[in-house]
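Let me begin by presenting the structure, written as structure tokens, before commenting on it.
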Amino acid sequence: MPTNTSEICNYDFSLSEPKWQKLWDDAKTFKSEFNASKPKCYVLEMFMYPSGKVHIGHVRNYTLGDIVARFQRARGYAVLHPVGWDAFGLPAENAALKNKSHPKKWTRENIAAMKSQIKTLGFSYDWSREFATCDPQYYQFQQKLFLAMYEKGLIYRKESEVNWDPVDQCVLANEQVIDGRGWRSGALVEKRKLPQWFMKITNYAEELLNDLEKLDGWPEKVRLMQKNWIGKSEGCTIKFKTTSRTHEYLDVFTTRPDTIFGATFLALSPNHPISISLAKNDPQIAAFLEEHKKGCVAEEFIEKQEKYGIATGIEVQHPFLDKKLPVYIANFVLMNYGTGAIFATPAHDERDYAFAIKYGLPIIQTVSSDGPLPYTGDGTLINSEFLNGMDTTVAKREIVDKLCKMGAGERKIFYKLRDWGISRQRYWGCPIPVVHCKKCGVVPLRTEDLPIPLPDDVEFDKQGNPLDHHPTWRHTSCPLCRGEATRETDTLDTFVDSSWYFLRFCVDDPANPDLLFPRDITSWMPVDQYIGGIEHAILHLLYARFFTGALADCGFIKIREPFKNLFTQGMVCSVTYQRKNGEWLFPNEVRRNSNGEFETIDDGEEIIVGRIEKMSKSKKNVVDPDEIIKNYGADTLRLFIVSDTPPEKDFYWSDEGLIGCWRFINRLWRLLLSAKSCGICAAECSDQINVDILGHDVLETYKSFQRTIKNITVALESRSMNLAVAHLRDCVNYLYARGDDFEKNKAVFSVIFRDFIVLLSPIAPHICEESWSMLGFEKFVSNSSWPTYDEKYLVASAITLPVQVNGKLRGSVIISAQEIPEIVFEKALALEGVRKAIGDLSIKNKIYVEGKIVNFVAV
RNA sequence: GCCCGUGUGGCGGAAUGGUAGACGCAGCAGACUUAAAAUCUGCAGCCUUUUUUGGGCGUGGGGGUUCGAGUCCCUCCACGGGCACCA
């Protein structure tokens, strides 16, 4: 890759790009203004965590958003396109520890550094709305929202078994535990009991699930992932009478009440109250529970657990048969789902089957099937008394009705979704506005006591939460009794910060200390186009949906769904290089030797060229956006990042591809220079082009360009940026070949060039401004309107029609658009290839699809 | 295990059931140049001496629907992702 591009550079981006960025800034070009006479369009990219450096993944995300924002602006929308920082979080604390610095300092410096990087990409942001979630002006409102939701009963505190990350010394939400490990540290998560703050997201399970159907602007995949995560199952509880003296009844939950006659035993979770109470008097059960507890933490049990259990000696009465069923404690029954107890039907459930085989329990088939047991599908009931002969769906309804009438069961719905644990035992987050009073207990602060600022003077030399060690901050008075009280030292999960930032962006002046959500907020909401990575499909997007509904219920806002359209872009990937000893290498430490093999530059060691993987620092397969911008300019990078690969798919970085885009930018510049020297300019433009007097060739060019306008418009509407780029390239190639016509048809080509510049401007805005100005157009191309096209010019006068015989291509004829079928067939039959293919066969059928194809069926 | 998605040249990828491979990368040839780079102009799925304006094959495999299938249906395979004892 040439690093010194000055010699081959005929378009000087290094002058042009900063110039236009400054002019846009000075003119406040991208300041969003709500305008009731225009349709609104809120374009938002998931805001950035200030890690310190912008990476290519950011560039892809924000370029996609900027193209949408600029395109919609040109099409006449009032566009809101804000930018901000997701600035609280653990890495700031870790970095502070490492560098003996302060999280605030680290965060602020990173924001400053990343902001200057982002600015060099020329995004059309309204910077006046910028904020960071660690701004007291932002989090004070979050504290206010907390109090309102607390009052509404949507937040509660509970002693709870939590996911404890032993490395980060922090509690994790269920969503942050991946394969039993912390999502950030990768450490094996332990179970601990701690008092925790929760948000009642489960109150919204049904709404969050049902509204997914309305979100037709979301990828099906994301909706499905959320649906599975919410995990609704409909069924019923059944009350079994037991032989135990201490526990008269045992409630179980099932989605298959139809299989009740196949029940041969019951199973309790080891954490079930009955299990625990039995353990007090039964050392064997106590030992079993202890062993299970240990097993839960060990890795191999998370991977693949064998089913095992222990008999309790208790039996229950079958609700319909004169029969007693034994009760077991089984490791595969979860306490935090359903009632923590099940009835087992080995014939129709894989887990029950495995358990029954292991402990020699009976297996009774109650749904007929051709295949082997266990059979979990639907079918006709057998061995089931009054249900015999019914279909499973009918039988379900019938049996539940009967249980309800008997008072032995009720219809019930359970969800996999759990309440959201929002407590974090960490310093760098939003303080929870609550105090602990010896007399009054947990007391929320009053709104007038806000904000509770995070103290700056903390020390990180001790284990755990620095707020706990602060000499004064904790000590305060109780808002109720004025007595001595201590502040809550847990801070809020940073996912709370990102659950409503999109609402705050709607506020004209985010630094305004008084207004939370002024009246114009609902004018901008919902977000019309949200863009971000698929990795947030569940966590962030589910929390944000919940928060929006909850804030509506608290009376703050009127909308319930925050994101109308969602686009999830793919990852940016690149090849990896490794030494034989496994050490990763940067691309610039590697070269190809004369045999075409890869070797290190410094010692010539042979290199393993690894898989193409997501760019990451640890694998060293990263490219630095700063370097690219320095050598090729922002327009080249923006163009490249949306070329070729559809935005939802993974993008494979290649230096050659980047250089191809660089060549395109320069080729375009040469085209514009030659156009200018032919007299193409603003003054020659006329919106009244008389198409009727154009010569044949120019008319064809004009029509072809009309199609280009349509193609690019359609491509950008459907977010197919790669297709838009292909059509732009096509158009440049086409115009290049018609250079000789420019001078003779200045009016037509001036209009074409003007419109072309607008078409390219969302993707490569700087060179477009430069050429806009060079050709004498006024103001900014960034402020001009999107070109329109007329469908009537899209119809070609002559069509090349493919001709098939028995579905195989045998030639083609040129016909006029309105040709009658008889003439078309006549012309087609005259083709030598067609005659040859038909030969001695007789024509059975003739098909002519207007303007598309001719097919002769011959046998 | 369950659910979802994807499979097209050397590569990234185009294609409302209607000429498969647009556009680009890499490649090849020519022009310009002392030369190289850059640039410009062409060629380019595979097989096949009917010197080719011919023929055959071709969108993961097999089958089906259709005048016609990359596209729709069935089935198998491979890869990727999500969930994972959720009763």
Side-chain angles (χ1 to χ4, degrees), chain A residues 2 7-10 178-179 219-229 231-233 235 252-257 259 267 269 301-307 330-334 336-345 348-352 354-355 376 414-417 534-535 537-538 640 643-646 648-661 663-664 666-667 670 711 720 722-733 736-737 800-812 832-833 836 844-858:
Chain A
E7 282 169 45
I8 51 171
C9 170
N10 38 33
I178 293 147
D179 291 333
E220 193 52 47
K221 182 181 173 151
V222 175
R223 291 197 277 173
L224 199 75
M225 279 165 75
Q226 291 210 353
K227 187 184 168 197
N228 291 338
W229 188 264
K232 179 179 182 174
S233 37
V252 305
F253 175 66
T254 181
T255 55
R256 291 297 302 273
T259 62
S269 162
F301 284 90
I302 293 159
E303 291 289 311
K304 184 187 169 187
Q305 286 195 16
E306 202 187 318
K307 276 145 201 63
N331 69 328
F332 65 90
V333 183
L334 305 172
N336 56 6
Y337 187 78
T339 61
I342 59 160
F343 79 71
T345 312
H348 305 295
D349 183 285
E350 277 159 31
R351 295 151 300 172
D352 300 351
F355 195 87
T376 55
F414 279 98
Y415 301 90
K416 282 196 237 177
L417 185 70
I534 186 81
E535 67 273 19
I538 295 168
F640 177 51
S643 291
D644 304 342
T645 305
E648 69 277 9
K649 291 184 78 174
D650 287 352
F651 177 93
Y652 299 101
W653 184 269
S654 82
D655 292 342
E656 293 79 13
L658 177 77
I659 292 165
C661 290
R663 283 201 296 256
F664 173 80
N666 284 296
R667 186 170 148 86
R670 285 191 296 274
N711 286 340
S720 305
N722 57 320
L723 288 188
V725 172
H727 293 305
L728 285 162
R729 284 181 152 139
D730 231 358
C731 182
V732 167
N733 292 344
Y736 230 97
T800 307
L801 199 67
V803 180
Q804 298 180 332
V805 176
N806 290 335
K808 281 210 160 81
L809 185 72
R810 295 299 171 186
S812 60
E832 201 196 320
K836 228 166 112 184
K844 255 268 172 26
N845 197 3
K846 296 187 278 191
I847 290 145
Y848 171 49
V849 183
E850 205 183 306
K852 293 283 184 191
I853 205 158
V854 174
N855 191 13
F856 295 106
V857 185

Inter-nucleotide [atom1] distance ([N], [M]), Å rounded:
N	M	atom1	value
B:G45	B:C11	P	14 Å
B:G30	B:G24	P	22 Å
B:G18	B:G80	P	32 Å
B:U66	B:C73	C1'	12 Å
B:C32	B:G13	C1'	33 Å
B:C67	B:U50	C1'	30 Å
B:G81	B:U48	P	39 Å
B:U71	B:G62	P	13 Å

Q: Let me know, please, whether A:Tyr736 or A:Phe343 comes out on the 5' side of the other along RNA chain B by nearest nucleotide.
A: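 In this pair, the answer is A:Tyr736.
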**Q.** Comparing A:Tyr415 and A:Asn228 on RNA chain B - which has the more 5′ nearest nucleotide
**A.** A:Asn228
Q) Tell me, for nucleotides 11-26 of chain B in 5' to 3' order, what letter each nucleotide earns: B for a base near a protein heavy atom under 4.0 Å, S for only sugar-phosphate near one, - for neither? A) -BSSSB-BB--BSSSS
Q) Would you call the rings of A:Trp653 and A:Phe640 parallel, tilted or perpendicular if under 30° counts as parallel and over 60° as perpendicular? A) perpendicular
Q) Does A:Arg670 put a side-chain nitrogen or oxygen below 4.0 Å from OP1 or OP2 of B:A38? A)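 False: A:Arg670 side-chain N/O out of range (4.0 Å or more) of B:A38 OP1/OP2.
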Q) Looking only at side-chain N and O atoms, does A:Thr339 come under 4.0 Å of OP1 or OP2 in B:A87? A)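 Indeed not, no polar side-chain atom of A:Thr339 lies that close.
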Paired with [N]: which nucleotide, if any, by Watson-Crick or G-U wobble criteria at under 3.5 Å for both distances?
N	result
B:A29	B:U41
B:U65	none
B:U34	none
B:G7	B:C77

(Q) For B:G9, does the O4'-C1'-N9-C4 or O4'-C1'-N1-C2 angle fall within 90° of 0, making it syn, or is it anti? (A) syn
(Q) Students often get this wrong, so: under 4.0 angstrom with heavy atoms, is A:Lys808 touching a base, only sugar-phosphate, or nothing? (A)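 Sugar-phosphate contact only - A:Lys808 comes under 4.0 Å of backbone atoms but never of a base.
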Q: State which of B:C40, B:G56, B:C4 makes the closest approach to the side chain of A:Arg810.
A: B:G56
Q: With the side chain counted from C-beta on, respond yes when A:Tyr652 and A:Asp644 share a heavy-atom pair under 4.5 Å apart, and no when they do not.
A: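 They are not in side-chain contact.
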